[in-house]
Structure formats: C-alpha cells, structure tokens
Amino acid sequence: QVQLRESGGGLVQAGGPLRLSCAASGRTFSSYAMGWFRQAPGQERKFVATISMSGSHTWYDDSVKGRFTISRDNAKNTVYLQMNTLKPEDTAVYSCAADESFDLSTWFHGGLDYWGKGTLVTVSS
C-alpha cells in the first residue's frame, strides 16, 4: 500500500514557474512508476507526465512538453513536477499517482493503483 501527498500548489502569474512535490510512504518507492494528472474546473482528469521507476524514461502530454519537467528522488521517496512558462489554461487540481507498471496506455487513461488528493494550481492572466 502506498500513500501519496502533494504539495507546492498555489497562485502564480502567467509565465512564471512553480514546482510541485509528491511524497510517498513506504520503503518500496523505487518499485513504482510515478506521474501527474490534472483536472481543470468543469473538465475530466487528464494525463500530464509520468516517469519510470529508475527515472530513465519520461513521457509528457503534448500540452506541457517543453514547459514541464518530471523528476524523482528515490532516496527521498519524492516525485517532482517543475512547471515553467505557466499559462492560464494550466489552472487545475494536480494529482500525483503511482503504479507498479510503466505501461503508457495505463498512464494515458488513468487506470492507476494509487492517487493523492491533489493540490490546486491557479495561473492568473
């Protein structure tokens, strides 16, 4: 069982940076692929980014590619999402997720094993 807790959300002006963190419980963090999803007001949850167990592979949605960077520190049981050049359309609740596989289809459709409660990111114009 894995428990996830996001932090780092808040209000930021368009064009600015923000870094989200997701801390995981347990001693098997390196056994899980990790990732981020977001849910904008009135919309369904969408895939943002994922990273493999060792951090050697990453995958991003086209909407954030080149602006967001996902990384992980297995020694700290933490995954990060560095968000740069933020746009108002990035406004959403960002949720951290964990899964035993790095299957891209699973990550794209969101059928994952564990979820955090989310942290709100608001980007002003």
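- Among residues at least two apart or in separate chains, side chain to side chain donor-acceptor pair (under 3.5 Å) pairs with a member in residues 84-97 are R38-D90, R38-Y94, R67-D90, Q82-N84.
- Residues satisfying the side chain to side chain contact (heavy atoms under 4.5 Å, CB included) criterion with A33, sequence neighbours excluded, are M53, F102, W107.
- Applying the 6.0 Å contact sphere to CD of Q39 captures more than 12 heavy atoms from other residues, nucleotides or ligands.
- Judged by the 6.0 Å and 45° rule, R72 forms no cation-pi pair with Y80.
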Derivation of the side chain to side chain contact (heavy atoms under 4.5 Å, CB included) call for T69 and L81: CA-CA 6 Å; T69 302; L81 185 68; over 6 Å; no
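- Residue pairs that meet the ring-ring contact (aromatic ring centres under 6.0 Å, His included) test with at least one member in residues 52-75, sequence neighbours left out, are F47-W59.
- Side-chain contacts under 4.5 Å among hydrophobic residues (ILVMFWY), followed directly or transitively, place L120 together with V93.
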Extract all donor-acceptor atom pairs below 3.5 Å that involve side chains of residues 4-15 and protein atoms in other chains or at least two apart in sequence.
residue : atom : partner : partner atom : Å
E6      : OE1  : K117    : N            : 3.2
E6      : OE1  : G118    : N            : 2.9
E6      : OE2  : C96     : N            : 2.7
E6      : OE2  : G118    : N            : 3.2

Candidate pair D61 and V48, rule side chain to side chain contact (heavy atoms under 4.5 Å, CB included), full reasoning: CA-CA 5 Å; D61 184 76; V48 176; 5.7 Å; no
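- A search for side chain to side chain contact (heavy atoms under 4.5 Å, CB included) contacts involving S105 returns D103, H109, not counting sequence neighbours.
- The disulfide (SG to SG under 2.5 Å) contacts involving residues 44-79 comprise nothing, where partners must be two or more places apart or lie in separate chains.
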Chi angles and distances behind the side chain to side chain contact (heavy atoms under 4.5 Å, CB included) call for V2, D113: CA-CA 9 Å; V2 177; D113 295 331; over 6 Å; no
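- Shown here are the ring-ring contact (aromatic ring centres under 6.0 Å, His included) partners of F29, two or more places apart in sequence or in another chain: there are none.
- Contact annotation: the side chain of V123 approaches that of L86 to within less than 4.5 Å [non-hydrogen atoms, C-beta and beyond].
- Residue pairs meeting the salt bridge (charged side-chain N to carboxylate O under 4.0 Å, His left out) criterion with at least one partner in residues 45-59, sequence neighbours excluded, do not occur; the list is empty.
- A continuous path of Ile, Leu, Val, Met, Phe, Trp and Tyr side chains, each step under 4.5 Å between heavy atoms, connects V121 with W36, placing both in one hydrophobic cluster.
- Among residues two or more places apart in sequence or in another chain, the side chain to side chain contact (heavy atoms under 4.5 Å, CB included) test is passed with A23 by T78.
- Interatomic distance, E44 CD to F37 CZ, rounded to the nearest 0.5 Å: 12.5 Å.
- For the side chain to side chain donor-acceptor pair (under 3.5 Å) condition, the pairs that include at least one residue of residues 47-56, sequence neighbours left out, are S54-S56.
- Evaluation of the side chain to side chain contact (heavy atoms under 4.5 Å, CB included) rule for T28 yields S31, Y32 as partners, not counting sequence neighbours.
- For the pair I70 and V79, the tightest heavy-atom approach, listed with the atom from each and the gap, is CG1-CG2, 3.9 Å.
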